[in-house]
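We use all heavy atoms of the structure for the numbers below, so side chains are in, but hydrogens, waters and symmetry mates are not.
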Amino acid sequence: MIRGKFGGLNDAGRAAVLAVGGAAFTEAGAFTHDSSLSAFTFRCQVPAGPDDGENDAVRKATAALDAHGHPYQVLHVAVTDMRHIKIRRKGRRE
């Protein structure tokens with residue numbers, strides 16, 4: 001997830017951001033934003049190879065954000081490596 005600020009969207013840019021809004025994690029990414037379209041959170045899913053680390057994920061997420069072509073300033077980046085998430089299932093005893 002990349003939190004940031006847009007750097008002056010024109011009408012076409014505003015329409016494009018609104019068209020790809022949502023909270024889903026996809027490879028193309030989706031924006032959630034404030035009502036003025038100045039601040040945003042960009043969520044994307046980045047496929048990782050066995051040796052990829054956090055820096056690789058940040059680079060790929062930034063490339064996905066760049067692909068949308070809007071001017072922006074990054075405020076914060078957060079990476080969650082799903083390979084390290086443990087799922088606890090209810091009702092199972094080990």
Side-chain angles (χ1 to χ4, degrees):
M1 290 190 338
I2 300 174
R3 286 186 339 175
K5 297 187 311 186
F6 288 114
L9 290 174
N10 59 21
D11 289 338
R14 293 173 75 78
V17 168
L18 292 171
V20 293
F25 285 89
T26 66
E27 288 186 35
F31 292 98
T32 55
H33 46 77
D34 63 358
S35 61
S36 67
L37 290 179
S38 59
F40 67 88
T41 299
F42 180 75
R43 300 167 183 259
C44 68
Q45 175 181 325
V46 177
D51 297 326
D52 287 349
E54 188 171 318
N55 290 336
D56 298 309
V58 170
R59 190 178 73 255
K60 290 176 182 179
T62 303
L65 177 57
D66 288 341
H68 288 277
H70 308 300
Y72 65 89
Q73 176 186 3
V74 171
L75 300 176
H76 179 75
V77 177
V79 174
T80 301
D81 190 337
M82 299 303 287
R83 296 173 293 190
H84 300 127
I85 301 295
K86 294 183 182 191
I87 299 173
R88 289 190 274 170
R89 304 203 190 274
K90 289 185 178 183
R92 285 182 116 176
R93 294 186 186 249
E94 295 182 28

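- A perpendicular orientation is assigned to the rings of Phe6 and His70, their planes being inclined by more than 60° (bins at 30° and 60°).
- Annotation: the span from Leu37 atom CG to Leu18 atom CG amounts to 5.0 Å, rounded to 0.5 Å.
- Linking ILVMFWY side-chain heavy atoms closer than 4.5 Å, directly or via other members, places Phe42 and Phe25 in two distinct hydrophobic clusters.
- The two atoms that bring Asp56 and Asp51 nearest to each other are OD2-O, 4.2 Å, heavy atoms only.
- Leu65 and Val77 fall within a single hydrophobic cluster, where Ile, Leu, Val, Met, Phe, Trp and Tyr side chains are chained together by heavy-atom contacts under 4.5 Å.
- Partners of Ser35 under the side chain to side chain donor-acceptor pair (under 3.5 Å) rule, at least two apart in sequence or in another chain, do not exist in this structure.
- The side chain to side chain donor-acceptor pair (under 3.5 Å) check on Asp66 picks up Tyr72, with sequence neighbours excluded.
- For the pair Val46 and Val79, the minimum side-chain heavy-atom distance is 4.5 Å or more.
- Taken together through direct or relayed side-chain contacts under 4.5 Å among Ile, Leu, Val, Met, Phe, Trp and Tyr, Phe40 and Leu75 form parts of separate hydrophobic clusters.
- Applying the salt bridge (Lys or Arg N to Asp or Glu O under 4.0 Å) test to residues at least two apart or on different chains, none of the pairs has a partner in residues 3-14.
- Closest approach of Cys44 and Gly29 over heavy atoms only: CB-CA, 3.8 Å.
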Q) Met1 and Thr80: side-chain contact (heavy atoms from CB on, under 4.5 Å), yes or no, with the steps? A) CA-CA 9 Å; Met1 290 190 338; Thr80 301; over 6 Å; no
